[in-house]
2 protein chains.
Amino acid sequence: MAKRSANGSGQAPRRTDSLSRELIIQTATEILDDGGESALTLRALTIRLKTGYGAIYHHVTDKGDLLAAATDDIIANVLSRTVTDGGPRETLRRLALGLFDAIDAHPWVGAQLSRQPWRPALLDFYESVGRLLDALAVPEKARFDAAGTLVNYVLGVAVQNAANARYLSSQDTNRETFLNGAAAQWAHLDPGTYPFVHASITQLREHDDREQFLAGIDIFLTGIAALRETRDTWVR
Amino acid sequence: MAKRSANGSGQAPRRTDSLSRELIIQTATEILDDGGESALTLRALTIRLKTGYGAIYHHVTDKGDLLAAATDDIIANVLSRTVTDGGPRETLRRLALGLFDAIDAHPWVGAQLSRQPWRPALLDFYESVGRLLDALAVPEKARFDAAGTLVNYVLGVAVQNAANARYLSSQDTNRETFLNGAAAQWAHLDPGTYPFVHASITQLREHDDREQFLAGIDIFLTGIAALRETRDTWVR
DNA sequence: ACCTGAACACCGTTCAAGT
DNA sequence: ACCTGAACACCGTTCAAGT
């Protein structure tokens with residue numbers, strides 16, 4: 001974020017530091033953060049990096065490779081930053097919230113996860129979840145399904161988040177006017193056939209995405225707690 | 001599915017029945033089911049429909065409009081077919097499984113949902129979920145978050161499903177060899193840093209996607225049950 | 001009103017040619 | 001080894017022209 005020195009006038013114009021995979025990925029991330037997924041074109045990259053197409057393809061296989069690598073970086077950062085000194089339940093919430101915040105800050109990560117959900121970075125997340133479930137005394141046989149369920153839930157929220165961000169930037173509005181518009185649409189529906197949607201209008205306007213995400217995590221954790229193994233009494 | 005009569009030799013060659021939005025959407029669905037998302041190009045549509053680009057754009061706004069309409073059809077079909085005569089818990093499971101099966105049969109629906117999660121068809125699903133949560137005695141204040149959580153979970157599974165299908169068709173392999181490959185990759189990881197992943201290899205190979213999805217639904221339902229309102233005793 | 005299809009703008013990617 | 005940029009194949013979309 002704080003590095004925009006390359007544009008300055010101090011450096012020698014000819015001998016810029018040579019291209020590298022890291023620089024390309026970092027620049028791609030900047031473009032994605034600035035203008036969203038649609039802003040990342042190979043042409044935009046060549047301009048920003050003051051280079052040609054071939055130079056980029058020399059360090060990167062594909063546009064897909066580029067997107068995947070940028071996403072891996074973001075996710076790996078989340079995992080390494082997460083504080084894990086609390087209890088397993090608290091750590092699980094922190095991990096999930098860390099992912100949520102990262103995807104909120106970089107919505108294109110959500111879209112990318114929907115394309116390639118099983119990148120190594122997400123495998124690390126999966127590993128952490130599994131171990132925490134062990135600490136929560138979830139029996140081994142149930143851990144696989146439980147971990148998958150949590151990952152799928154996080155993935156679903158990521159997708160929602162990305163879709164919302166895409167919509168907001170395409171319509172060039174903010175969250176509040178978007179929710180007001182959605183609420184207005186919901187209000188137009190027939191209350192007889194859509195009683196629940198109607199009853200939800202106020203909450204739609206006032207809800208906090210982050211808190212709703214956490215409420216979902218708690219629902220799953222409560223459900224998972226019911227799978228808890230009674231390590232004392234052996235049940236056949 | 002059973003309508004492929006237009007190819008026959010009986011009809012007069014000149015005066016085919018004129019184009020319609022429904023026919024276009026139906027044909028697009030066929031192309032998507034046959035060849036996946038990447039197979040649906042405007043050109044492929046013109047060929048299959050024996051028409052020009054303008055003719056299609058006369059009935060359809062966009063390629064996005066087309067994809068959205070095709071997805072709406074599939075989802076609306078799921079909801080209308082779901083048997084709702086059981087208890088609320090059973091009905092919820094049936095609804096969720098109906099969506100799962102539909103996305104399994106038409107993986108492109110999963111990808112489309114990740115692009116536009118709030119289409120009218122999904123709002124109907126949301127409405128159904130909300131009402132069933134009411135029947136399950138989830139208090140009104142918690143229903144909004146709970147319904148959103150379930151929708152997000154289903155969305156996450158949909159995305160996974162679509163990604164898997166895309167990968168399978170791109171690699172031209174089947175589920176079993178895919179899982180074997182993934183299991184082999186997992187086996188290569190260091191068991192010290194990835195104990196949970198290692199312990200999951202067998203289950204990865206043997207698991208049933210549909211059952212794992214249902215296990216997640218059950219975790220959710222158990223978690224929801226803890227929110228249950230005690231309608232007899234009034235708690236302030 | 002409905003349809004045709006050449007043309008346009010814009011992608012990702014390649015590759016002969018340079019240094 | 002690393003880079004350049006014209007060229008290619010292929011998108012979605014438009015629009016003057018037909019019926």
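These values consider heavy atoms only, across backbone and side chains, with no hydrogens, waters or symmetry-generated copies.
- Taking atom CZ of residue A:Arg21 and atom P of nucleotide D:dC3, one finds them 14 Å apart after rounding to whole Å.
- Taking a pair as Watson-Crick or G-U wobble with both distances under 3.5 Å, the runs of three or more consecutive pairs in DNA chain C are C:4-8 with D:12-16, C:12-16 with D:4-8.
- Between the OH atom of A:Tyr57 and the P atom of D:dA1 there is a distance of 21 Å, rounded to whole Å.
- Dashed line: the shortest gap from a side-chain N or O of B:Tyr53 to OP1 or OP2 of D:dT13 is not under 4.0 Å.
- Atoms CG (A:Leu19) and C1' (D:dC3) sit 9 Å apart, rounded to a whole Å.
- Using a cut-off of 4.0 Å between Lys/Arg side-chain N and Asp/Glu carboxylate O, B:Arg21 and B:Asp65 are scored as salt-bridged.
- For B:Asp209, the salt bridge (charged side-chain N to carboxylate O under 4.0 Å, His left out) test picks out B:Arg175, with sequence neighbours left out.
- Listed nucleotides: D:dG12, C:dC3, D:dC3. Nearest to the side chain of B:Thr51: C:dC3.
- In this structure, A:Tyr126 and A:Gly148 approach most closely via the heavy-atom pair CE1-N, 3.9 Å.
- When the side-chain nitrogen and oxygen atoms of A:His59 are compared with OP1 and OP2 of D:dA1, none of them lie within a distance under 4.0 Å.
- Atom CZ in B:Arg43 sits roughly 15 Å away from atom C1' in D:dT13 (whole-Å rounding).
- If you look at B:Tyr153 and A:Phe220, their ring centroids are closer than 6.0 Å.
- Between D:dT4 and A:His58, no contact under 4.0 Å exists linking OP1 or OP2 to a side-chain N or O.
- Considering only the side chain of B:Lys63, D:dG12 comes nearest among C:dG12, C:dC3, D:dG12.
- Between B:Asp101 and B:Arg94 no salt bridge is recorded (no basic side-chain N to carboxylate O distance below 4.0 Å).
- Rounded to whole Å, the distance from CG on A:Leu45 to C1' on C:dC11 is 14 Å.
- Each of A:Leu40 and A:Gly54 has a nearest nucleotide on DNA chain C; the 5'-most of these lies closest to A:Leu40.
- Closest approach to the B:Ser18 side chain among C:dT13, C:dC3, D:dC3 is made by C:dC3 (side chain taken as heavy atoms from C-beta onward).
- To the nearest angstrom, P of D:dC3 lies 10 Å from CG of A:Leu23.
- A straight line from CD1 of A:Ile47 to P of C:dC10 spans 12 Å, rounded to a whole angstrom.
- A straight line from CG of A:Leu49 to P of D:dC2 spans 16 Å, rounded to a whole angstrom.
- Side-chain contact of A:Asn164 with B:Trp118: a donor-acceptor pair under 3.5 Å is absent, judged by distance alone.
- Partner B:Leu40 forms a side-chain contact (heavy atoms from CB on, under 4.5 Å) with one of B:Leu67, B:Thr27, B:Thr29 and no other, that one being B:Leu67.
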